[in-house]
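Input: a single structure, listed below in structure tokens.
Just follow the structure's listing: the first ligand is 1, and inside any ligand the first atom is 1.
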Amino acid sequence: MRTYFPDVPKIPYEGPKTDNPLAFRFYKADEKIGGKTMREHLRFAVAFWHTYQAEGSDPFGRGTAIRPWHDVTDPLDLAKSKMEANFELCGKLGAPFFCFHDRDIAPEADTLSQTNCNLDAIVRYTKDLMKDSDVKLLWGTTNAFSHPRFVHGASTSPNADVFAFAAAQVKKAMEVTKELGGQNYVFWGGREGYETLLNTDMGLELDNLARFLRLAVDYAKEIGFTGQFLIEPKPKEPTKHQYDFDAATVVGFLTKYGLDKYFKLNIEANHATLAAHTFQHDLAVARLNGMLGSIDANQGDPMLGWDTDQFPTNLYDTTLAMLEVLKDGGFKKGGLNFDAKVRRGSFEPVDLFLGHIAGMDAFAKGLRTAYRIQQDGKLDAFVAKRYDSWTKGIGKEILDGRVGFKELEAYALEHDQVRNVSGRQEWLESLLNAYLTEG
Ligand code: XUL
Ligand code: CO
């Protein structure tokens with residue numbers, strides 16, 4: 001088999017002081033943190049679409065990427081080359097997983113049945129590559145948004161034929177994900193949303209989205225797919241208003257349609273910030289609803305209003321994210337998928353490694369810091385003390401359901417000189433900085 005990155009060795013851990021760009025500063029896969037190795041905690045995955053499909057084009061210019069598979073012209077051979085490169089890249093990085101859309105890994109043909117044949121061929125090839133590798137599939141998904149047939153959405157299209165086509169596509173992608181041992185299956189609402197209510201029956205579209213998800217649940221049972229179903233919220237882009245706006249919206253939607261026990265959330269950092277939330281906020285909403293499934297690890301640019309999908313390097317964010325993951329007891333079937341692409345100016349093949357190393361190190365450092373914060377317990381103790389009034393007296397009576405408005409009025413009449421205490425936000429932010437800069 002061909003080697004695609006001959007100049008890149010297996011990436012070693014060399015510690016924070018290394019000058020070697022092809023080495024980890026913080027990610028030491030076998031180091032145990034609280035009983036689990038870093039590899040087990042972080043469950044890193046490489047995203048097929050950004051790593052092997054993206055060419056660095058933007059609305060103002062064509063792709064700039066130099067890629068070692070550019071000399072391959074036959075579409076199926078090219079798909080095989082990219083899959084080979086994937087196993088080489090994941091292996092050298094020590095990333096235990098990858099993720100794909102059906103159309104990333106195999107080319108679409110003129111008919112659905114020929115497209116399915118292409119997919120089958122690549123899946124057979126991938127299975128063979130998996131035999132000689134430890135790299136596994138974290139999740140599969142469907143691209144039901146790029147082809148012009150999805151112009152008005154997939155399961156929320158006004159055209160029932162498109163709903164049927166999308167169903168056929170998800171059916172096949174679920175079978176393929178199962179075949180490759182995928183641990184999750186993601187639904188990201190590509191064009192499930194609208195541009196204007198002047199031409200949109202929002203009620204029917206939302207009912208159809210739920211209908212579609214229900215059919216997917218039924219089919220997973222039928223074929224014995226036991227992977228976790230995940231929904232990935234995003235507020236806008238490509239549509240002006242995406243139905244899966246944010247974590248809270250998706251939780252409410254799933255609950256309304258009785259689908260909540262079948263789905264968890266795949267929280268993407270850049271999607272949370274586009275919804276005007278912090279990454280930590282959407283992770284906390286998912287966790288508090290028992291639905292923190294997986295993470296699409298990236299970051300946006302606070303100056304830009306779109307999904308820039310940059311490699312995550314902000315330690316503040318990775319630390320607070322890992323704190324949420326630790327509070328949730330760690331990932332179960334989910335992991336950290338780099339839904340991130342190198343910048344257009346970072347066009348050399350080695351940049352694919354440098355981007356992933358930067359992201360893996362940022363999350364490894366985040367994990368180390370979050371673990372220290374959790375062990376130290378100072379932040380938890382502060383929060384517990386802040387809510388102390390609920391552990392005794394009238395607070396406890398409210399929680400125990402022993403008082404109503406009349407009793408509360410009687411209490412308030414006797415205790416009307418309320419005294420509050422400071423939230424100490426600045427001190428807490430400074431404490432967080434101390435954790436980030438020590439150790
Ligand atoms: C798009 C996005 C997708 C999903 C998978 O913003 O994040 O790549 O992660 O369809
Ligand atoms: Co994503």
Side-chain angles (χ1 to χ4, degrees), residues 43-55 58 97-106 108 137-147 150 153-156 166 169-170 172-174 176-177 182-193 209 212-213 216 227-247 249-250 263-275 277 279 282-283 286 292-301 304-312 317 321 334-342 355-356 359 363:
R43 293 171 62 81
F44 288 126
V46 168
F48 209 93
W49 52 104
H50 288 309
T51 310
Y52 313 105
Q53 297 291 79
E55 297 281 337
D58 70 11
F97 297 102
F98 70 108
C99 299
F100 62 70
H101 300 83
D102 47 3
R103 301 298 176 253
D104 301 333
I105 61 167
E108 182 152 12
L137 181 62
L138 186 68
W139 50 260
T141 188
T142 314
N143 178 335
F145 45 88
S146 292
H147 192 281
F150 300 115
S155 68
T156 65
Q169 209 181 313
V170 170
K172 181 75 184 168
M174 271 169 56
V176 158
T177 300
Q183 303 194 11
N184 306 266
Y185 189 87
V186 166
F187 292 84
W188 168 61
R191 290 182 197 272
E192 312 294 34
L209 178 56
F212 192 91
L213 296 175
Q228 175 66 53
F229 273 161
L230 299 168
I231 295 195
E232 182 177 320
K234 185 176 184 181
K236 56 185 169 185
E237 202 195 15
T239 73
K240 172 193 164 86
H241 184 106
Q242 300 274 122
Y243 288 134
D244 296 332
F245 193 91
D246 61 1
T249 307
V250 175
F263 290 83
K264 289 189 176 181
L265 303 183
N266 183 39
I267 301 296
E268 177 163 331
N270 203 168
H271 295 180
T273 52
L274 286 176
H277 300 308
F279 183 24
D282 254 24
L283 289 170
L292 177 45
S294 201
I295 288 180
D296 264 12
N298 61 16
Q299 69 186 29
D301 185 317
L304 302 175
W306 63 90
D307 197 13
T308 59
D309 283 339
Q310 289 165 235
F311 275 95
D317 288 342
L336 284 162
N337 167 51
F338 289 108
D339 193 351
K341 55 179 180 250
V342 288
H356 282 94
F363 267 94

List, pair by pair, the atoms of ligand 1 and of the protein that are both N or O and lie under 3.5 Å apart, giving the separation rounded to 0.1 Å.
residue: ligand 1; atom: 6 (O); partner: Lys234; partner atom: NZ; Å: 2.9
residue: ligand 1; atom: 6 (O); partner: His271; partner atom: NE2; Å: 2.9
residue: ligand 1; atom: 6 (O); partner: Asp307; partner atom: OD2; Å: 3.0
residue: ligand 1; atom: 7 (O); partner: Glu232; partner atom: OE2; Å: 2.7
residue: ligand 1; atom: 7 (O); partner: Glu268; partner atom: OE1; Å: 2.7
residue: ligand 1; atom: 7 (O); partner: His271; partner atom: NE2; Å: 3.3
residue: ligand 1; atom: 7 (O); partner: Asp339; partner atom: OD2; Å: 2.7
residue: ligand 1; atom: 8 (O); partner: Trp49; partner atom: NE1; Å: 3.3
residue: ligand 1; atom: 8 (O); partner: Asp339; partner atom: OD2; Å: 3.3
residue: ligand 1; atom: 9 (O); partner: Glu232; partner atom: OE1; Å: 2.8
residue: ligand 1; atom: 9 (O); partner: Glu232; partner atom: OE2; Å: 2.8
residue: ligand 1; atom: 9 (O); partner: Asp296; partner atom: OD2; Å: 2.9
residue: ligand 1; atom: 9 (O); partner: Asp339; partner atom: OD2; Å: 2.9
residue: ligand 1; atom: 10 (O); partner: His101; partner atom: NE2; Å: 2.7

Verdict with supporting geometry, Thr156 and Phe212, side-chain contact (heavy atoms from CB on, under 4.5 Å) | CA-CA 9 Å; Thr156 65; Phe212 192 91; over 6 Å; no
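- When side chains are defined from C-beta on, Asp244 does not count as touching Phe187, because their heavy atoms never get closer than 4.5 Å.
- Counted by atom type alone, Thr249 and Tyr243 present zero donor-acceptor pairs between their side chains at under 3.5 Å.
- When OD2 of Asp339 and OD2 of Asp296 are joined through the Co ion (ligand 2), the resulting angle is 90° to the nearest 10°.
- Looking only at N/O/S atoms, Glu268 comes nearest to the Co ion (ligand 2) through OE1.
- Looking at Phe97 and Leu137, their side chains never come closer than 4.5 Å, going by heavy atoms from C-beta outward.
- Residues Asp339 and Asn298 bring no donor and acceptor atom of their side chains to less than 3.5 Å of each other.
- By the ring pair (Phe, Tyr, Trp, His ring centres under 6.0 Å) test, Phe150 is found to be paired with no residue, residues two or more places apart in sequence or in another chain being considered.
- Residues Tyr52 and Asp104 are not in side-chain contact: their nearest non-hydrogen atoms beyond the backbone lie 4.5 Å or more apart.
- Backbone or side-chain N, O or S atoms of Glu232 reach the Co ion (ligand 2) at under 2.8 Å.
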